[in-house]
Q: 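Next up is a structure, given as structure tokens.
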Amino acid sequence: MSLIAFDNSYARDLPQHAVPWQPATPPQPRLLYWNAALADELGLDGAAVSTETLAAWFSGAALPDGAQPVAQAYAGHQFGGYSPTLGDGRALLLGEMIDRGGQRRDLAFKGSGRTPFSRRGDGKAALGPMLRELIVGEAMQALAIPTTRALAVVATGENVYRERPLPGAVLTRVAASHLRVGTFEYFANGEDEDALLQLADYAIRRHDPALLDAANPYLAFLDAVCRRQARLIAQWMHAGFIHGVMNTDNMTISGETIDYGPCAFMDAYDPATVFSSIDERGRYAYGNQPAIAQWNLARLAETLLPLLDAESQQQAVAQATEVIHRFADHYRDEWLAQARRKLGLDTAQDGDQQLADDWLALLKAQQADFTLAWRYLADAVDGDGSRLAALFADPAALQPWLARWQQRLAAEPQTAAARAGAMRVLNPLYIARNHLVEEALAAASEHGDMSLTLRLLDVLADPFTERAGLERYALPAAPELAAGYRTFCGT
């Protein structure tokens with residue numbers, strides 16, 4: 001019996017791009033979390049089978065019928081240095097299915113044991129990092145930011161050994177695909193042009209089928225990926241999200257956020273913010289993310305050069321360079337369009353970019369909380385700026401900018417009430433605050449208590465509606481907790 005009608009195109013169409021492999025068998029699988037809403041979206045009825053069966057299927061103890069697990073091959077630039085062979089070191093693509101909307105979705109394990117790409121790792125995952133991926137992924141989903149998601153988290157019943165023994169877990173990740181910039185790098189740098197061509201054609205069929213009839217489908221594909229990433233990074237920036245490890249193997253072709261390792265959300269606004277313990281030089285700091293995305297996309301463009309123009313490498317380079325240079329324009333346009341909406345502006349005027357830039361400069365100078373400052377602008381529209389002013393060390397410093405903004409709003413057609421309501425739908429009150437995430441992970445990992453994780457997920461599922469009794473979920477960490485906060489990759 002199986003809930004899932006698998007249709008495994010990657011394993012079928014690209015056999016040289018992956019290695020068939022079986023997950024490790026966990027000794028005592030126990031279902032800790034089942035994402036019923038996502039399951040329904042996928043057309044899966046979890047109530048049709050027992051909890052024990054779900055635990056077995058989504059831990060690797062007994063795979064559902066039709067699964068064809070493979071470890072995918074990819075390379076990657078990690079902190080700027082090229083690693084020619086990375087691949088799924090602790091993950092397996094379980095298979096693919098078609099969801100209720102007709103979209104092909106990957107189901108993949110994370111933490112399911114050693115693979116041919118594990119190098120010296122054990123291929124396992126600790127519970128804490130898997131719950132972080134669950135929590136942050138669901139927070140991003142609720143914020144309408146494209147993301148991979150967790151379908152299930154299963155405790156394995158064994159410890160994994162990092163700095164100390166930790167309870168092990170397997171996460172089942174759902175993604176539009178697991179194709180990465182690093183996937184293209186693996187075959188381009190291996191000088192296997194046939195495999196690269198097959199990969200590019202597969203990616204276009206899967207993510208951009210309308211481009212198959214383009215004059216140059218590979219150039220159009222590069223442009224489409226750049227546009228998706230420009231929008232995604234603009235959304236990250238407006239959410240105060242810091243990925244933490246923007247290596248090319250962590251950038252998807254689909255435009256989804258993937259691999260929630262040392263990720264975090266910013267409290268006080270500062271473009272230099274870094275949380276990742278391994279990002280010692282700040283390469284992936286919050287403010288660097290747009291430039292790093294463009295750098296990663298340039299690596300993708302390099303892999304596609306043989307396909308862009310088979311006759312002239314010079315012409316191929318010129319075409320690719322033009323597309324990559326346009327990324328900055330796409331990103332700027334996306335960021336400003338989103339900023340206008342968050343500021344309550346429906347129309348465009350020439351001074352809007354400067355107004356938004358000055359707002360951010362004010363937040364940085366005053367060390368104001370990023371999320372709450374945007375949120376409480378709607379209060380000011382309603383005529384009560386007290387919560388907004390309280391975020392500023394010097395509330396008087398806010399007034400000149402506030403007067404400019406209100407003057408700009410006077411040119412807008414909406415009523416104040418309509419504008420404030422629209423802003424509250426775009427500016428969240430509740431995000432996955434770092435101290436709340438850590439609190440939930442510690443309770444689950446150290447005491448087997450999932451209640452804080454489930455409560456946090458419930459709050460984050462509706463980030464825009466203010467609710468009585470949830471005040472602590474809206475507030476940043478106390479300064480003593482926030483100082484020196486670091487996140488870890490979980491490997």
Q: Measure the NE2-OG distance between His207 and Ser177 for me, rounded to the nearest 0.5 Å.
A: 3.0 Å

Q: Taking NZ, NE, NH1 and NH2 as the nitrogens, is one of them in Arg433 or Asp369 under 4.0 Å from a carboxylate oxygen of the other?
A: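 Looking at Arg433 and Asp369, the cut-off is met.
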
Q: Please determine whether the number of non-hydrogen atoms from other residues, nucleotides or ligands lying under 6.0 Å from atom CZ of Arg164 exceeds 12.
A: no

Q: Hey, what's the ring geometry for Trp405 with Trp401, parallel, tilted or perpendicular (30° and 60° as the breaks)?
A: parallel

Q: How far apart are the closest heavy atoms of Leu409 and Gly344, and which atoms are they?
A: CD2-O, 3.8 Å

Q: Quick one: pull up CD in Gln414 and CE in Met423 and give me the separation to the nearest 0.5 Å.
A: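 Rounded to the nearest 0.5 Å, the CD-CE separation comes out at 10.0 Å.
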
Q: Is there a donor-acceptor pair closer than 3.5 Å between any side-chain N or O of Thr53 and the backbone N or O of Val49?
A: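 Side chain of Thr53 to backbone of Val49: no pair is present.
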
Q: Please confirm whether Tyr286 and Trp236 have ring centers closer than 6.0 angstrom.
A: no

Q: Could you give me the CA-CA distance, side-chain angles and deciding distance for Glu41 and Arg100, then say whether salt bridge (charged side-chain N to carboxylate O under 4.0 Å, His left out) is met?
A: CA-CA 6 Å; Glu41 184 180 314; Arg100 290 186 186 276; over 6 Å; no

Q: Between atom CD of Gln72 and atom CG of Leu93, what is the distance when rounded to the nearest 0.5 Å?
A: 5.0 Å

Q: Answer yes or no: is there a donor N or O on one side and an acceptor on the other, between the side chain of Thr415 and the main chain of Ala418, under 3.5 Å?
A: yes

Q: Counting only N and O atoms by type, is there a donor-acceptor contact under 3.5 Å from the side chain of Ser254 to the main-chain atoms of Ala176?
A: no

Q: Testing the basics here: between Ala380 and Gln406, what is the closest heavy-atom pair and its distance to 0.1 Å?
A: O-NE2, 4.4 Å

Q: May I ask you to check whether Phe241 and Phe265 place their ring centres under 6.0 Å from each other?
A: yes

Q: Here's a test for you: under side-chain contact (heavy atoms from CB on, under 4.5 Å), which of Leu127, Leu171, Val154 qualifies with Leu32?
A: Leu127

Q: Show the nearest heavy-atom pair for residues Ala239 and Ile145, with the distance to one decimal.
A: CB-CD1, 3.8 Å

Q: What is the distance from atom OH of Tyr260 to atom CE of Met130, rounded to the nearest 0.5 Å?
A: 13.0 Å

Q: Could you tell me whether the side chain of Ser112 and the main chain of Phe109 form a donor-acceptor pair under 3.5 Å?
A: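 A pair under 3.5 Å: no.
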
Q: Is any side-chain N of the basic residue among Lys110 and Glu133 closer than 4.0 Å to the acidic one's carboxylate O?
A: yes

Q: How long is the span from the CG atom in Leu151 to the CH2 atom in Trp57, to the nearest 0.5 Å?
A: 11.5 Å

Q: Flag the pair Asp329 and Arg227 as a salt bridge only when some basic side-chain nitrogen lies within less than 4.0 angstrom of an acidic carboxylate oxygen.
A: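 A salt bridge is absent here (no side-chain N lies under 4.0 Å from a carboxylate O).
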
Q: Without swapping roles, check the side chain of Asp249 against the backbone of Ala75 for a donor-acceptor pair under 3.5 Å.
A: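 Flag not set: sc Asp249 to bb Ala75 has no pair under 3.5 Å.
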
Q: Might you point out which heavy atoms bring Ala24 and Lys124 nearest each other, and give the distance in Å?
A: CB-CE, 4.1 Å

Q: Can you name the residues that form a side chain to side chain contact (heavy atoms under 4.5 Å, CB included) with Arg472, not counting sequence neighbours?
A: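 For Arg472 the side chain to side chain contact (heavy atoms under 4.5 Å, CB included) partners, ignoring immediate neighbours, are Leu436, Glu439.
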
Q: Could you go through Phe464 and Tyr430, starting from their C-alpha distance and side-chain angles, then the distance that decides it, and tell me whether this counts as side-chain contact (heavy atoms from CB on, under 4.5 Å)?
A: CA-CA 7 Å; Phe464 302 105; Tyr430 310 109; over 6 Å; no

Q: Mind running side-chain hydrogen bond (donor to acceptor under 3.5 Å, both in side chains) on Glu438 and Tyr485 for me, showing each step along the way?
A: CA-CA 10 Å; Glu438 296 296 342; Tyr485 176 71; 2.6 Å; yes

Q: Going from SG on Cys263 to CZ on Arg132, what distance comes out if it is rounded to the nearest 0.5 angstrom?
A: 6.0 Å

Q: Inspect the contact between Arg326 and Asp333 and indicate whether a charged nitrogen and a carboxylate oxygen are less than 4.0 angstrom apart.
A: no

Q: Could I get the full list of salt bridge (charged side-chain N to carboxylate O under 4.0 Å, His left out) partners for Arg283, not counting sequence neighbours?
A: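 Partners of Arg283 by the salt bridge (charged side-chain N to carboxylate O under 4.0 Å, His left out) criterion come out as none, since no residue qualifies.
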
Q: Between the side chain of Asp259 and the main-chain N/O of Asn250, is any donor-acceptor distance below 3.5 Å?
A: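 Side chain of Asp259 to backbone of Asn250: no pair is present.
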
Q: Testing the basics here: between Leu232 and Gly255, what is the closest heavy-atom pair and its distance to 0.1 Å?
A: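 Looking at all heavy atoms of both residues, the shortest contact is CD2-O, 3.4 Å.
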
Q: Check Arg114 with Asp88, please: is the shortest side-chain N to carboxylate O separation under 4.0 Å?
A: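 No salt bridge links Asp88 with Arg114.
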
Q: Could you tell me which non-hydrogen atom of Leu372 sits nearest to which non-hydrogen atom of Pro476, and how far apart they are?
A: CD1-CD, 4.0 Å

Q: Is the number of heavy atoms from other residues, nucleotides or ligands under 6.0 Å of Gln349 CD greater than 12?
A: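 Count over threshold, so yes.
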
Q: Over 60° means perpendicular and under 30° means parallel, so tell me whether Phe79 and Tyr284 are parallel, tilted or perpendicular.
A: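 Correct class here is tilted.
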
Q: Can you tell me which residue pairs pass the side-chain hydrogen bond (donor to acceptor under 3.5 Å, both in side chains) test with a partner in residues 443-471, sequence neighbours excluded?
A: Arg387-Glu466, Asp449-Ser451, Arg455-Asp458, Asp462-Thr465

Q: Does either side chain, that of Glu185 or that of Thr248, offer a donor lying less than 3.5 Å from an acceptor on the other one?
A: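 Side chains of Glu185 and Thr248: pair found under 3.5 Å.
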
Q: Can a donor-acceptor pair be found between the side chains of Asp358 and Gln354 at a distance below 3.5 Å?
A: yes

Q: Would you indicate whether Glu158, at its atom CD, is surrounded by more than 12 heavy atoms from other residues, nucleotides or ligands within a distance under 6.0 Å?
A: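 Counting neighbours around CD of Glu158, more than 12 heavy atoms of other residues, nucleotides or ligands fall under 6.0 Å, so yes.
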
Q: Taking the basic N atoms (NZ, or NE/NH1/NH2) and the acidic carboxylate oxygens, is any pair closer than 4.0 Å for Glu256 and Arg173?
A: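 Not counted as a salt bridge, because no side-chain N and carboxylate O are separated by less than 4.0 Å.
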
Q: Side chain of Asn296, backbone of Met246: donor and acceptor closer than 3.5 Å?
A: yes

Q: Spell out, as yes or no, whether a donor-acceptor pair under 3.5 Å connects the side chain of Ser83 to the backbone of Leu86.
A: no

Q: Scan Ile253, Ile258, Asn247 and name whichever one has a side-chain contact (heavy atoms from CB on, under 4.5 Å) with Arg180.
A: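 Single side-chain contact (heavy atoms from CB on, under 4.5 Å) partner of Arg180 among Ile253, Ile258, Asn247: Ile258.
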
Q: Keeping the roles fixed (side chain from Asp106, backbone from Ala108), state whether a donor-acceptor pair exists under 3.5 Å.
A: no

Q: How are the rings of Tyr269 and Phe370 set relative to one another: parallel (under 30°), tilted (30 to 60°) or perpendicular (over 60°)?
A: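 Correct class here is parallel.
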
Q: Are any side-chain N or O atoms of Glu138 and backbone N or O atoms of Asn35, one a donor and one an acceptor, separated by less than 3.5 Å?
A: no

Q: Using 4.0 Å as the upper bound for N to carboxylate O, is an ion pair formed by Arg424 and Asp382?
A: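 Counted as a salt bridge, because a side-chain N and a carboxylate O are separated by less than 4.0 Å.
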
Q: List the steps, then state whether side-chain contact (heavy atoms from CB on, under 4.5 Å) holds for Ile242 with Val274.
A: CA-CA 8 Å; Ile242 305 169; Val274 175; over 6 Å; no

Q: Are Glu52 and Arg30 close enough for a salt bridge, meaning some N to O gap below 4.0 Å?
A: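 Looking at Glu52 and Arg30, the cut-off is not met.
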
Q: May I ask you to say whether Arg340 pairs ionically with Asp352, meaning some side-chain N is under 4.0 Å from a carboxylate O?
A: yes

Q: Could Glu412 and Arg419 be called an ion pair, given the rule that one side-chain N must be under 4.0 Å from one carboxylate O?
A: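 Salt bridge between Glu412 and Arg419, a charged N being under 4.0 Å from a carboxylate O: no.
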
Q: Using side-chain contact (heavy atoms from CB on, under 4.5 Å), reason through Asn159 and Tyr161 one step at a time and then give a plain yes or no.
A: CA-CA 6 Å; Asn159 285 335; Tyr161 295 88; 4.1 Å; yes

Q: For side-chain contact (heavy atoms from CB on, under 4.5 Å), just list the numbers for Leu377 and Trp359, CA-CA rounded to whole Å, side-chain angles, deciding distance to a tenth of an Å, and then say yes or no.
A: CA-CA 11 Å; Leu377 281 172; Trp359 168 241; 3.8 Å; yes

Q: Under 3.5 Å, is there a donor-acceptor pair between the Gln289 and His243 side chains?
A: no

